[in-house]
Number of protein chains: 2
Amino acid sequence: MAPTGKLATDLVQALERDIVTGVLKPGDRLDERSLSERFAVSRTPVREALQTLAGTGLVTTMPRRGTVVASITIAELIEMFEVMAELEAMCARLAARRMARVDVEKLFALSAECAALRDHANADGYYEANVRFHEAIYAGCRNAYLERQTKNVRNRLSPYRRLQLHRPGRVERSSDEHADILKAISTGDAVQAGDLMRAHVAVQGEALNDLLAIVPRAYLEPLAS
Amino acid sequence: MAPTGKLATDLVQALERDIVTGVLKPGDRLDERSLSERFAVSRTPVREALQTLAGTGLVTTMPRRGTVVASITIAELIEMFEVMAELEAMCARLAARRMARVDVEKLFALSAECAALRDHANADGYYEANVRFHEAIYAGCRNAYLERQTKNVRNRLSPYRRLQLHRPGRVERSSDEHADILKAISTGDAVQAGDLMRAHVAVQGEALNDLLAIVPRAYLEPLAS
DNA sequence: AAGTCATTTTTGGTATACAAAAACACATAG
DNA sequence: CTATGTGTTTTTGTATACCAAAAATGACTT
């Protein structure tokens, strides 16, 4: 009818946001018809959007059985954290060698922002600042491809990462680690920056056993519910 | 009409193969209608396949301007080799720690296969054996996610990698490096295996300046031809 | 009463049709 | 001769209609 002129790309962005921010939880069904009427478009662009999201791994499409927000098994979660730690370490290592002074200044500001929020018992606020700090380091590696890849893994893990910070004492430790990483970067100690970042990320992966006791059931079940 | 029952997934595989093997070269237009009649399907599954390929980065879709086989600029190529080297190094490092003895035996066989082909002036044959050797190491890291990611980067680089081996002396050196990497893996020296693999892959990236003089023009031009 | 098979219903996959935008070509004017 | 503008053509993007397959439900049989 009224050809909206809006692109299917918008759907990808909207759904991605809903998944990353947790509005849509792993395992949630993504019904093509409901989505099409919710966004006031036909099923075709909805299908294309889901296809794209399936490519990034955010949703899982089982042939003839529909698409759901991707659930990750514990084994996959551990694997992804292992890769994530290495990619972030690489970002930090390269950032220590390549980051411009002016960008390091901005990184100091972001670190201060994190530190300011650490005591406010505001885990969500800290989470946002934390994301900005890490993304500034991704950008600092001066490797756009690495930056994209790292953000992609982060996005897939984000529904699970968010829960991590609710563990007691994690915010404080995280903030301290940020300061150490920043110090290594600002002094150009690439190896140290990489090692610290790897540990900073890996500690979340290592805490997966603890996670088992905290996380809602739906987050952990494999795709076949 | 005749409902094929076959999945659009087949199209992805076919196109992927054509791109990876070089039948379709970077910059080639992928016209939806021609593809649909070539594969005897309608435009819908073709579009879905292209959407999927765009997700993996093998093709580039410019809104309203069609999709082409992804061209990579020199800058992107360097970036991707930088990431590739690190991912493969990680695979080798983990493989040295986790690979089963029986799989190491198979790796020895693959290495011997490479060595056997090194003197046959058969660059394509060596290329295939080389791929199998590397993929065996990916599998050996026992991290399916890392394996997928690494294969993905490799696929995107493959049109450019293939040319590397045609450089004089490269096959021989590559084969020697395989032997050294294998030795480190079989003795469980994880750090050494990682470092050797990183160098093994990175040397191709470092040779990009040489590549400039060899590669066909079409391979290097940015998307906007 | 329970299990199995058939039918119905829902939903995913494909094809076709239509609209809009961009590429192309030709013509005309400067 | 070149450059710009308009009309045509090609092609992408979206909508709708159709078909097939799987899940759900109900009836019949054992």
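In this structure, M62(A) atom CE and dG13(C) atom C1' are separated by 16 Å, rounded to whole Å. Between the CG atom of L50(B) and the P atom of dT11(D) there is a distance of 14 Å, given to the nearest Å. Rounded to an integer number of Å, the gap from Q51(A) CD to dG13(D) C1' is 16 Å. Taking atom CZ of residue R47(A) and atom P of nucleotide dT14(C), one finds them 7 Å apart after rounding to whole Å. The CZ-P distance, from R64(B) to dT10(D), rounds to 18 Å in whole Å. Regarding E48(B), its CD atom lies at a distance of 16 Å from the P atom of dT12(D), rounded to whole Å.
Taking the side chain as every heavy atom from C-beta outward, I72(B) and M80(B) approach each other to under 4.5 Å. Looking only at side-chain heavy atoms (C-beta outward), H200(A) and I181(A) come within less than 4.5 Å of each other. A 4.5 Å side-chain heavy-atom check between Q204(A) and R170(A) finds at least one atom pair inside the cut-off. No side-chain heavy atom of R156(B) sits less than 4.5 Å from a side-chain heavy atom of T56(B).
Of the candidate nucleotides dA15(D), dG12(C), dT12(D), dA15(D) has the atom nearest to the side chain of S42(A). Comparing dG13(D), dT14(D), dT14(C) by their nearest atom to the side chain of R43(B) picks out dG13(D).
At a threshold of 4.0 angstrom between heavy atoms, the contacts of R65(A) are confined to the sugar-phosphate backbone, with no base atom among them.
Across Y126(A) and L117(A), no two heavy atoms sit closer than the pair N-CD2, 3.7 Å. Residues S158(B) and V20(B) approach most closely at OG-CG1, 3.4 Å, considering heavy atoms. A96(A) and A190(A) get closest at one heavy-atom pair: CB-CA, 3.6 Å.
Of the residues in residues 29-36 of chain B, R29(B), D31(B), E32(B), R33(B) come within less than 4.0 Å of DNA chain D through at least one heavy atom, sorted by number.
An end-to-end axis angle of 10° holds for the helix from dA1(C)-dT30(D) to dG30(C)-dC1(D), taken from five base pairs per end and rounded to 10°.
Put simply, the residue from K151(A), R154(A), R148(A) that forms a side chain to side chain donor-acceptor pair (under 3.5 Å) with Y138(A) is R154(A).
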Side-chain donor-acceptor distances from residues 98-111 of chain A under 3.5 Å, at least two apart:
{"from": "R98(A)", "atom 1": "NH1", "to": "C141(A)", "atom 2": "O", "distance (Å)": "3.2"}
{"from": "R98(A)", "atom 1": "NH1", "to": "E82(B)", "atom 2": "OE1", "distance (Å)": "3.3"}
{"from": "R98(A)", "atom 1": "NH2", "to": "E82(B)", "atom 2": "OE2", "distance (Å)": "2.5"}

